[in-house]
There are 2 protein chains.
Amino acid sequence: MSKRSGILEFAVLGLLRESPMHGYELRKRLNTSLGVFRAFSYGSLYPCLKTLVTLGWLIEEPAVDSGPPAAPLAGRRAKIVYRLTAAGKEHFEELLAHSGPDAWEDEHFAARFAFFGQTSKDVRMRVLEGRRSRLEERLEKMRASLVRTRERLDDYTLELQRHGMESVEREVRWLNELIETERAGRVERPVDERDDNDNTNQENGGRPEARGTA
Amino acid sequence: MSKRSGILEFAVLGLLRESPMHGYELRKRLNTSLGVFRAFSYGSLYPCLKTLVTLGWLIEEPAVDSGPPAAPLAGRRAKIVYRLTAAGKEHFEELLAHSGPDAWEDEHFAARFAFFGQTSKDVRMRVLEGRRSRLEERLEKMRASLVRTRERLDDYTLELQRHGMESVEREVRWLNELIETERAGRVERPVDERDDNDNTNQENGGRPEARGTA
DNA sequence: TCGTTCATGTAACGCGTTACATGATTGC
DNA sequence: GCAATCATGTAACGCGTTACATGAACGA
């Protein structure tokens with residue numbers, strides 16, 4: 001209906017899935033833990049939260065402020081803590097699994113990757129491979145346009161293109177490593193129903209060997 | 001006044017400086033020659049052109065269609081060719097030289113770099129160095145946030161951060177090479193007043209040696 | 001008590017896109 | 001003749017930001 005948003009909505013749901021939070025804290029985690037790839041401001045976050053509430057993905061809670069025990073009374077502007085509803089959880093799963101055409105773009109991909117810890121292995125594979133083929137398309141276009149326009153571009157433009165292509169190629173190699181690592185990975189932890197907080201996901205969950213590759 | 005735009009405006013002026021063009025062609029060059037880093041649509045391009053005309057940077061010309069000699073008459077919807085005015089040229093120089101706080105962001109930088117062929121050496125140096133220090137700031141922040149949050153992030157988030165940092169570090173190395181090359185560069189071609197088309201800018205204008213570095 | 005950080009919001013604007021509407025020219 | 005592509009535009013919307021307004025809690 002009104003005011004749907006892409007990546008911000010997704011990130012909010014993802015963070016809230018880990019644990020309930022209020023807006024301020026949410027924003028900080030958006031810009032630090034996750035935020036390497038993007039910064040959000042209150043002007044977008046708070047309206048987004050409201051929308052998600054009206055959609056039923058989130059509920060507001062009056063913030064049982066467990067910190068300072070004094071002055072727990074009356075009219076103090078309570079922090080609003082947002083908690084993911086069951087429907088919200090479901091919706092988030094859908095978003096994770098969904099492979100829309102724009103799902104492989106830079107920021108969409110980064111956002112999904114950031115929540116791989118909460119994603120099943122097959123979905124992870126699909127996302128990684130989707131991203132890779134998206135990048136390979138992009139490389140094709142770049143090469144084609146280079147062939148078409150080479151000779152009538154100055155050195156700087158050329159250098160810019162070359163550096164751009166190299167960056168993309170580098171990301172493809174990175175994805176290749178990740179995909180290999182995933183393939184080698186064993187156990188499929190069902191992810192569902194385990195009430196929070198055991199985020200220690202050991203047993204070779206992430207990227208083992210394959211480092212100092214340059 | 002109304003409808004000022006950043007990078008699109010800049011790119012249009014830059015392309016038009018090389019030679020007059022109509023909107024359609026302009027858009028194609030935006031998305032091929034230059035367009036590795038960004039794609040624009042008509043919905044933004046045409047309004048932008050109008051604005052630039054009212055500002056006096058551009059003038060519309062009725063397109064003396066030199067191609068098909070037949071049917072040069074009456075009411076055919078003429079292509080509109082846009083040409084940079086003297087004021088527009090001046091404005092573009094200002095934009096090139098200007099070092100606003102946002103001038104070092106990803107897309108701003110890429111756009112400026114794409115027009116280095118029309119930029120004097122000292123400005124090129126300022127831009128490259130500005131970009132580099134901007135990236136170094138960014139690296140500082142990333143490192144700091146890593147120190148703060150390490151240990152309570154899952155492997156995937158960590159890997160994402162690591163890859164992000166490596167990308168930035170790589171660009172810094174790239175800039176270092178470019179800056180060195182610039183320093184080694186000799187002649188300062190005044191750039192001004194040479195009526196178009198001798199774009200052959202030889203004499204070691206771009207990036208000589210320093211390749212296969214990985 | 002005074003500045004800083006925490007905490008929540010709103011209004012206006014920025015900078016673009018998508019989808020639509022329109023028509024001329026070219027090549028088969 | 002008909003499709004493709006060239007060529008120009010407009011209206012509505014998307015997804016965010018900046019700047020502003022407000023106020024409580026905390027530390028020195």
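Heavy-atom basis, side chains included; hydrogens, waters and symmetry copies ignored. Note on naming: letters A, B, ... go to the chains in the order of the sequence lines (proteins, then strands), and numbering restarts at 1 for each one.
- For B/Ser133, there are no side chain to side chain contact (heavy atoms under 4.5 Å, CB included) partners, not counting sequence neighbours.
- Checking the phosphate oxygens (OP1, OP2) of C/dC15, no side-chain nitrogen or oxygen of B/Ser44 falls inside 4.0 Å.
- Base engagement by A/Gly43 is indicated by at least one non-hydrogen atom pair under 4.0 Å involving a base atom.
- Residues satisfying the side chain to side chain contact (heavy atoms under 4.5 Å, CB included) test with A/Tyr24, not counting sequence neighbours, are A/His22, A/Lys28, A/Tyr42, A/Tyr46.
- The side chain of A/Ile7 sits closest to D/dG16 out of D/dG16, D/dT10, C/dG16.
- Put simply, CG on B/Leu30 is 10 Å from P on C/dG16, counting in whole angstrom units.
- With sequence neighbours left out, B/Glu136 forms a side chain to side chain contact (heavy atoms under 4.5 Å, CB included) with B/Arg132, B/Val172.
- Taking only side-chain nitrogens and oxygens, A/Tyr42 never comes nearer than 4.0 Å to OP1 or OP2 of C/dT8.
- Closest approach to the B/Ile80 side chain among D/dC6, D/dG9, D/dG16 is made by D/dG9 (side chain taken as heavy atoms from C-beta onward).
- Looking at the side chain of A/Lys79, the nearest of the listed nucleotides D/dT17, D/dT10, C/dT8 is C/dT8.
- Here the side chain of A/Tyr46 is nearest to one of D/dG9, C/dG16, C/dG9, namely C/dG9.
- Listed by chain and number, the residues in a side chain to side chain contact (heavy atoms under 4.5 Å, CB included) with A/Arg112 are A/Phe10, A/Ala103, A/Val127 (sequence neighbours excluded).
- In the set D/dG16, D/dC6, C/dA7, the nucleotide with an atom closest to the side chain of A/His22 is C/dA7.
- Between A/Lys28 and the phosphate of C/dC6, there is a side-chain N or O to OP1/OP2 separation shorter than 4.0 Å.
- Inter-axis angle, ends of the helix from C/dT1-D/dA28 to C/dC28-D/dG1, five pairs per end, rounded to 10 degrees: 30°.
- B/Phe92 has its ring centre less than 6.0 Å from the ring centre of B/Phe115.
- With sequence neighbours excluded, no residue satisfies salt bridge (Lys or Arg N to Asp or Glu O under 4.0 Å) with A/Glu60.
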